Amino acid sequence: MRTQVAIIGGGPAGLLLSHLLHLRGIESVVLESRDRDYVEHRQRAGMLEQGTTDVLRETGVGDRLDREGLVHHGLELRFGGAGHRVPLTDLTGRTVTVYAQTEIVKDLVARRLADGGDVRFETEVVGLDASAPSVTFRSGGETHTLDCDYIAGCDGFHGVSRPAVPGLRTFSREYPFAWLGILADVPPSTEELIYANHDRGFALHSLRSPQVSRLYLQVSPDEDLAAWSDARIWDELATRFATDDGWKLHEGPITDKSVTPMRSFVAEPLRHDRLFLAGDAGHIVPPTGAKGLNLAVSDVIVLARALTERYASGSETLLDGYSDTCLRRVWRAEHFSYWMTTLLHVDPAATDFERRLQRSHLDYVASSEAAKTSLAENYTGLPIF
Ligand code: FAD
Ligand code: PHB
């Protein structure tokens, strides 16, 4: 079996790469370890930069996004019992859009299959060779070898691609907290996202639709989900979002609950021979800056452009620059995500001095146009090239 680009992982990065390559006449096969239903329902990201929505729209997978996506022009920072709006669009001219990762994955899977794309679910990769490129995988009880020109490792943080790169240098930071995330069948209590800092910890009010809310609570990294009844979750959220003017949080049935660890991680370089790492396979950010999915998208835009040049002219110049081009944007997002995370969370080990510094920092961001502009510029997304 042979293709031009073997793509390991059918998350947003792998599926979008396959779609972009198809539009440029380049063949690929996507090998995904889970089943279709699982990848289409795994609850994760929700906030898209304008550069991400632009590429989905321009490449013909934006119809439902245009109908159902919720365009946002600002966000709220809430602390000390009061809200402070950051007017993203007034400060940057750009918007962000709430449209769940699950929906992007559904749209991309449907489009690849409608275009005759080869997306194989429930495959197990058992080997890969980055120099005489090939991927060996098991599917339906049989073992196959897929020969190719290039391999794209789009298999997330726990995949097989990154461990196949010898001599990688890695940079990482673990945070002393995690996020407990819920999905609830209740209209959002806010039109714009609320990022709240409270002495008991961080909380985020996001949404999925006019009927569905998505909320997160800072918890400890080893938190036992079983200890969190629905009533306890709503009580804790109400406490952390409380304002002096009596703002009210609407409660409703919780349909999904999970705990996610918080981590920063970068692998360098994002290439070994003919294997390229993209998305969470190469880097992770804590979700406070809403950057992970957007970085996965910008990586594959850069990779698709480089592969297009390679097949059109034989030149490997853009492929040779792939890792450096992506890492510049990755490190900016790493810093912003770290900055948002430390600005808003409560570090259980922080001294009183550090807590006072954090409060001063929050006051500054909430009151300075320059500081808000910097937040807005990073949050709405810096240019891809
Ligand atoms: P993944 O989505 O992890 O996809 C990798 C795929 O590879 C998966 O389908 C997996 O099953 C498959 N795979 C794994 N191993 C193998 C293997 N050995 N063989 C074959 N296939 C394999 N980002 C944002 O931009 N905005 C947000 O608002 C945001 N919020 C978030 C909230 C939470 C709670 C979390 C956890 C994350 C959030 N993110 C956000 C981050 C975002 O979800 C990820 O960065 C994004 O999923 C990365 O996409 P990916 O395709 O690189 O990796
Ligand atoms: C989400 O809606 O899931 C979401 C939004 C913003 C974030 C993180 C997650 O910063």
Side-chain angles (χ1 to χ4, degrees), residues 6-18 30-36 38-49 51-52 70 72 75 96-102 104-105 108-109 119-128 135 137-139 152-164 178-183 188 192-195 202 204-209 212-216 256-263 265 277-300 330 333 336-337 340-341 344 379 381:
I7 300 175
I8 306 178
L15 291 166
L16 181 61
L17 178 64
S18 179
V30 177
L31 302 171
E32 164 60 46
S33 57
R34 313 300 293 244
D35 64 39
R36 179 173 174 180
Y38 183 90
V39 299
E40 290 187 345
H41 293 94
R42 184 170 36 202
Q43 291 303 325
R44 294 177 83 179
M47 187 51 97
L48 309 180
E49 293 174 4
T52 298
L70 302 167
H72 281 207
L75 60 78
V96 288
T97 302
V98 174
Y99 188 67
Q101 180 166 330
T102 48
I104 295 183
V105 168
L108 286 168
V109 170
V119 183
R120 299 183 186 210
F121 294 99
E122 299 179 79
T123 60
E124 186 199 351
V125 172
V126 290
L128 61 90
V135 181
F137 64 97
R138 267 202 282 277
S139 169
C154 302
D155 47 351
F157 187 66
H158 300 288
V160 293
S161 301
R162 195 179 61 253
W179 277 15
L180 190 168
I182 63 160
L183 207 56
E192 295 181 340
L193 268 60
I194 304 171
Y195 288 82
F202 169 78
L204 170 61
H205 193 327
S206 182
L207 53 143
R208 286 292 176 266
S209 74
V212 176
S213 299
R214 175 85 168 139
L215 297 112
Y216 298 97
D256 190 272
K257 261 187 225 182
S258 60
V259 173
T260 312
M262 306 273 280
R263 184 184 286 123
F265 174 90
L277 303 178
D280 279 14
H283 40 77
I284 295 283
V285 285
T288 330
K291 287 284 159 256
L293 172 60
N294 294 295
L295 278 181
V297 167
S298 51
D299 282 357
V300 300
V330 166
F336 176 66
S337 304
M340 282 283 276
T341 300
L344 288 159
Y379 191 85

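As the structure is a prediction and not an experimental result, all values here were calculated from the model. In listed order, ligands and their atoms are each counted from 1.
Using a 4.5 Å cut-off on side-chain heavy atoms (C-beta onward), Ile104 and Leu293 make contact. The side-chain heavy atoms of Val105 and Arg44, taken from C-beta on, include no pair separated by under 4.5 Å. Side chains of Val109 and Val119 form no contact here, defined as non-hydrogen atoms less than 4.5 Å apart.
The line from CG of Leu207 to CE of Met47 is 7.5 Å long, rounded to the nearest 0.5 Å.
A salt bridge is defined here as a Lys NZ or Arg NE, NH1 or NH2 lying under 4.0 Å from an Asp or Glu carboxylate O, and Arg208 with Asp256 fails to meet this definition.
With sequence neighbours excluded, the residues that form a side-chain contact (heavy atoms from CB on, under 4.5 Å) with Thr102 are Gln43, Ala100. Here Phe336 pairs with nothing under the ring pair (Phe, Tyr, Trp, His ring centres under 6.0 Å) rule; sequence neighbours left out.
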Check each N or O atom of ligand 2 against all protein N or O atoms and list the pairs under 3.5 Å, with atom names and distances to 0.1 Å, one per line.
unit_1: ligand 2; atom_1: 2 (O); unit_2: Ser206; atom_2: OG; d: 2.6
unit_1: ligand 2; atom_1: 2 (O); unit_2: Arg208; atom_2: NH1; d: 2.8
unit_1: ligand 2; atom_1: 2 (O); unit_2: Arg208; atom_2: NH2; d: 3.4
unit_1: ligand 2; atom_1: 3 (O); unit_2: Arg208; atom_2: NH2; d: 2.8
unit_1: ligand 2; atom_1: 3 (O); unit_2: Tyr216; atom_2: OH; d: 2.6
unit_1: ligand 2; atom_1: 10 (O); unit_2: Tyr195; atom_2: OH; d: 2.8
unit_1: ligand 2; atom_1: 10 (O); unit_2: Pro287; atom_2: O; d: 2.9
unit_1: ligand 2; atom_1: 10 (O); unit_2: Thr288; atom_2: O; d: 3.3

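Ring geometry for Trp179 versus Phe202: interplanar angle under 30°, hence parallel rather than tilted (30 to 60°).
The environment of Arg138 atom CZ is sparse: at most 12 non-hydrogen atoms of other residues, nucleotides or ligands sit within 6.0 angstrom.
Within 4.0 Å of ligand 1, protein heavy atoms belong to Ile8, Gly9, Gly10, Gly11, Pro12, Ala13, Leu31, Glu32, Ser33, Arg34, Val39, Arg42, Arg44, Ala45, Gly46, Met47, Gln101, Val125, Cys154, Asp155, Gly156, Gly159, Val160, Tyr216, Thr260, Gly279, Asp280, Pro287, Ala290, Lys291, Gly292, Leu293, Asn294, Ala296, listed by chain and number.
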